[in-house]
Amino acid sequence: MKLNKIVYADLQRVGMCNRLFTWATAIVFSYKYNLPVRIHGWYKTQIGPWIRNEKNKRIYYNYFNKHSGILQFKIRERLLSKGVLFNPPLNESVNINPFHTIVFNSIPHSDIYFNDLKDFRPFIIKELNAMIRTSIRMRIESAPKPGIGVHVRKGDFMKTGQSESNNYFITTINYVRSKYDNRSDVYLFTDSRKEEIQNLLDLPNVRIYQGETDIEDLMVLSKSRIIVTSHHSSFSYWAGFLSDALIIHTNKYQGHPNRNKEFKVEAEYLIEVPQDSF
């Protein structure tokens with residue numbers, strides 16, 4: 001029996017934005033080779049956030065429209081494994097003729113997160129918007145467009161020592177206001193509890209954006225005119241990739257720009273400048 005060729009995104013049990021890398025790679029590959037794509041794994045949950053009693057429990061199944069059944073995927077992957085190709089490159093020509101199933105289940109290294117996706121950015125943005133459930137998309141469309149959006153990642157980063165200090169964000173907010181925008185309110189997008197970031201909230205005109213879902217927070221943050229990222233956070237980097245914002249990274253960031261070819265070095269920051277200059 002000859003099987004129709006199909007691309008699967010087999011999402012791993014990781015955070016939403018790490019899963020988005022696998023999803024985006026799969027849909028770009030399917031687009032390049034004109035193949036149908038199926039998404040498997042948004043339902044997968046993690047026990048860590050529950051054990052650590054984090055504010056965000058990372059349950060994503062009800063965010064998106066497109067899912068595939070596990071049975072068809074497992075039959076192709078396990079029982080018909082000789083015809084399965086795993087994680088072929090996006091930036092090279094691939095002979096897909098010997099294969100009936102192409103599976104993407106990996107996440108790129110943080111240094112090269114968007115290197116192979118940049119050329120397909122408009123397509124990825126369109127497909128992501130189309131995949132978001134209508135009720136959530138309506139809230140995103142009616143949400144305010146922040147002048148300054150700051151992603152303050154705490155949660156498990158506090159356990160691993162990857163979280164930026166509150167003083168870093170205070171310094172950066174003050175810098176952005178003095179250099180670029182001293183009129184807009186600052187919206188914090190965060191998995192922190194209020195008491196963990198109270199000194200940020202004590203700054204004038206700083207407030208927490210109260211979204212109902214992670215994908216809503218991501219998309220509204222991407223609407224910001226200026227985005228301040230959290231180092232190491234794929235959530236921050238995806239917000240920047242989806243945006244037309246001026247993006248401010250700490251100078252500790254060692255990866256490539258999320259959208260552009262190069263950074264602008266400014267004070268203690270690496271800046272991704274949009275096409276419409278500030």
Side-chain angles (χ1 to χ4, degrees), residues 3-50 56-121 123-128 130-132 156 160 214-215 218 232-238 241-242 255-256 258:
L3 293 174
N4 293 330
K5 295 184 187 299
I6 194 168
V7 175
Y8 270 98
D10 180 22
L11 309 180
Q12 302 303 294
R13 210 175 296 272
V14 291
M16 179 185 73
C17 286
N18 281 327
R19 298 187 204 197
L20 282 176
F21 285 115
T22 307
W23 165 81
T25 307
I27 66 163
V28 168
F29 190 92
S30 72
Y31 172 74
K32 286 183 65 176
Y33 291 88
N34 193 27
L35 296 173
V37 62
R38 300 289 183 268
I39 314 302
H40 166 69
W42 283 120
Y43 69 88
K44 295 177 181 177
T45 58
Q46 299 168 272
I47 193 171
W50 297 87
N56 187 334
K57 299 303 189 288
R58 307 188 194 185
I59 299 173
Y60 311 122
Y61 183 77
N62 289 325
Y63 293 5
F64 304 110
N65 293 315
K66 297 178 181 178
H67 306 280
S68 72
I70 187 172
L71 181 59
Q72 184 190 64
F73 170 67
K74 289 302 179 185
I75 288 174
R76 282 180 174 255
E77 183 193 35
R78 301 287 172 84
L79 301 183
L80 306 171
S81 59
K82 289 184 179 179
V84 179
L85 175 64
F86 286 91
N87 301 305
L90 283 184
N91 57 359
E92 300 174 15
S93 180
V94 177
N95 179 14
I96 62 173
N97 289 330
F99 305 101
H100 54 69
T101 305
I102 296 93
V103 176
F104 290 90
N105 61 4
S106 66
I107 300 166
H109 190 276
S110 58
D111 288 355
I112 56 171
Y113 268 160
F114 295 97
N115 283 19
D116 292 341
L117 300 176
K118 288 178 185 178
D119 290 344
F120 301 92
R121 181 171 166 267
F123 171 72
I124 292 168
I125 292 171
K126 178 177 71 71
E127 291 295 308
L128 179 57
M131 185 171 66
I132 297 171
D156 56 337
T160 60
D214 289 352
I215 190 63
L218 176 70
H232 295 297
S233 171
S234 58
F235 186 100
S236 282
Y237 305 150
W238 264 102
F241 176 74
L242 297 170
H256 295 177
N258 302 159

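- Between R121 and L242, every side-chain heavy-atom pair lies at or beyond the 4.5 Å cut-off.
- The distance between the ring centers of Y63 and Y60 falls below 6.0 angstrom.
- Residue N91 qualifies as enclosed at atom CG: its count of foreign heavy atoms under 6.0 Å is above 12.
- Taking the six-membered ring for Trp and the full ring otherwise, the centers of W238 and Y113 sit at least 6.0 Å from each other.
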(request) Please assess Y43 against L11 for the test side chain to side chain contact (heavy atoms under 4.5 Å, CB included), listing each intermediate value before the final yes or no. (result) CA-CA 9 Å; Y43 69 88; L11 309 180; over 6 Å; no
(request) For side chain to side chain contact (heavy atoms under 4.5 Å, CB included), just list the numbers for Y8 and V37, CA-CA rounded to whole Å, side-chain angles, deciding distance to a tenth of an Å, and then say yes or no. (result) CA-CA 6 Å; Y8 270 98; V37 62; over 6 Å; no
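- When each of N105, I39, T22 is tested with D10 by the rule side chain to side chain contact (heavy atoms under 4.5 Å, CB included), just one qualifies, namely N105.
- For F29, the ring-ring contact (aromatic ring centres under 6.0 Å, His included) criterion is met by Y33, F104, not counting sequence neighbours.
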(message) Walk me through whether V94 and K32 qualify under side chain to side chain contact (heavy atoms under 4.5 Å, CB included).
(response) CA-CA 10 Å; V94 177; K32 286 183 65 176; over 6 Å; no
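- Counting heavy atoms from C-beta outward, L117 and F21 have side chains that approach closer than 4.5 Å.
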(message) Working note: T101 + F86, criterion side chain to side chain contact (heavy atoms under 4.5 Å, CB included); need CA distance, chi angles, decisive distance, verdict.
(response) CA-CA 9 Å; T101 305; F86 286 91; over 6 Å; no
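- Remark: N115 engages H256 in a side chain to side chain donor-acceptor pair (under 3.5 Å) (not counting sequence neighbours).
- Counting heavy atoms from C-beta on, the side chains of P108 and D116 never come closer than 4.5 Å.
- Here the side chain of R19 pairs a donor or acceptor atom with the backbone of Q12 at under 3.5 angstrom.
- In this structure, the side chain of K5 engages the main chain of N97 through a donor-acceptor pair within 3.5 Å.
- Within 6.0 Å of OH on Y31 lie no more than 12 heavy atoms contributed by other residues, nucleotides or ligands.
- Taking the centre of each ring, F114 and Y237 stay at or above the 6.0 Å mark.
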